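Numbering of ligands and ligand atoms starts at 1, following listing order. Keep in mind it's a predicted model, so treat the numbers as computed, not measured.
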Amino acid sequence: MARKRLACRVGVLTGGGDCPGLNAVIRAVCKTLMHEERAEIVGFLDGYEGLVEDRTVPLDWASVSNILTLGGTILGTSNTGDPFRWAEKRGGKVVITDRSRDALRTFKKHRLDGLVVIGGDGSMFIAGQLLDRGVPIVGVPKTIDNDVRGTELTFGFQSAVNVATDALDRLHTTASSHHRVMIAEVMGRYAGWLALHSGIAGGADVILIPEIPFRWEPIFRVFEQRAAKGKRFSIICVAEGARPAGGQMVVQRTVEGSPDPIRLGGIGRFVADTVEKRTGLEARATTLGYVQRGGTPCPFDRVFATSLGYAAARLAAEGRWGRMASWQKGRLTDVAIKDVAGGCRKVAPDEPLLAVARAVGTSFGE
Ligand code: F6P
């Protein structure tokens, strides 16, 4: 019997920092395309690095089975490996070169109809540049930071909110026992979504986010007001990108060859030290770090990642390249990757959750 024509060959890669739900997306993209389009799927290893260096793995039913609940990514990822700004150590120095031609060569070699890029704003920015060079791409918005433009939600975010909320709950009991100010530093880069959601969910007394530079006095006033009501402890949820008015974000390190080389971290410690120095209260800082990115996706993210993966597969099957699956006004939709690339989505001054938090007495240090 003559073999039925294969409808398409599609490449898949996961780029940028990992987050819960990546495997659920890979699974949904592959299963949908294999089932509905009889597609062959090629997985690129370690994000765009695999595309530049031609490191691949075939993805079939067996390889995407039983990965729905698995954290991380079976393909590996990298938040360096930008084909257009490839960083390499030569003689102790980091040299940046353009290796986009290698990426194009690999793409052609595998006779692919297109590529599914699962990544955040950095990955979408690179995807936009590859689109300009003629590589058909559909995108899936990923990140615990929830800061990708063109979508109101990214998968991985809710799982990270769960982790951060659980940490705040735990900090509450130890804070109240010791009558301390407990500070939890959460990730989120230049956006305060993670701090805002987990801060509200965890009942933080103060939430500090990058979008609202804070002042010390209003924060100290919260402690006083709480003490006057017999509450001798307070909880602060601070985003890693938060900064005092007139001050700078705390940069922990820079990473050459990353779409955004800045790595934040340390504001929690700074807030704790300042609180102790200026109020005499005992303060402790806890940095949640990478536990927010690891582990199994929460049920919401399993459903959401599967839905986004399905949506991306449909875009690819319909040849609607250049689009990113997105979530807007409670529905799955899609946007142009070009409109997403080159910036992040921040908490706007009229974000309804800010009003909600203020109404229940949460301070933003304003
Ligand atoms: O974008 C996800 C994220 O975890 C940010 O919240 C954080 O600032 C950054 O990645 C850390 O990156 P890296 O994995 O390079 O340390």
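The single protein non-hydrogen atom nearest to atom 2 (C) of ligand 1 is D145 OD2, 3.3 Å, given as residue, atom name and distance. Annotation: atom 15 (O) of ligand 1 to nearest protein heavy atom, R263 NE, 2.5 Å. Closest to atom 11 (C) of ligand 1, if we only count protein heavy atoms, is R293 NH1, 3.6 Å. Among all non-hydrogen protein atoms, the one lying nearest atom 7 (C) of ligand 1 is E240 OE2, 3.4 Å. The protein non-hydrogen atom at the shortest distance from atom 16 (O) of ligand 1 is Y290 OH, 2.4 Å.
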Show which side-chain atoms of residues 12-31 pair as donor or acceptor with protein atoms under 3.5 Å away, not counting sequence neighbours.
from: T14; atom 1: OG1; to: T73; atom 2: OG1; distance (Å): 3.0
from: T14; atom 1: OG1; to: G76; atom 2: O; distance (Å): 2.9
from: D18; atom 1: OD1; to: R293; atom 2: NE; distance (Å): 3.0
from: N23; atom 1: OD1; to: I74; atom 2: N; distance (Å): 2.7
from: N23; atom 1: ND2; to: L70; atom 2: O; distance (Å): 3.2
from: N23; atom 1: ND2; to: G71; atom 2: O; distance (Å): 3.2
from: N23; atom 1: ND2; to: G72; atom 2: O; distance (Å): 3.2

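In this structure, N79 counts as a contact residue of ligand 1, since one of its heavy atoms falls inside 4.0 Å of the ligand.
Under the ring-ring contact (aromatic ring centres under 6.0 Å, His included) criterion, the residue pairs touching residues 254-310 are W216-F270, F300-F304, F304-W327, with sequence neighbours excluded.
Considering both main-chain and side-chain atoms, M187 never comes within under 3.5 Å of ligand 1 through any nitrogen or oxygen pair.
Inspection of the S78 and E49 side chains reveals an N or O donor paired with an N or O acceptor under 3.5 Å. Counting only N and O atoms by type, the side chains of T174 and R284 include no donor and acceptor under 3.5 Å apart.
Contact of the L264 side chain with the M187 side chain is not registered, since no non-hydrogen atoms from C-beta on lie closer than 4.5 Å.
A side-chain contact (heavy atoms from CB on, under 4.5 Å) with D102 is found for exactly one of D54, V52, L51, namely V52.
Atoms of ligand 1 lying under 4.0 Å from at least one heavy atom of G188, given by number and element, are 6 (O).
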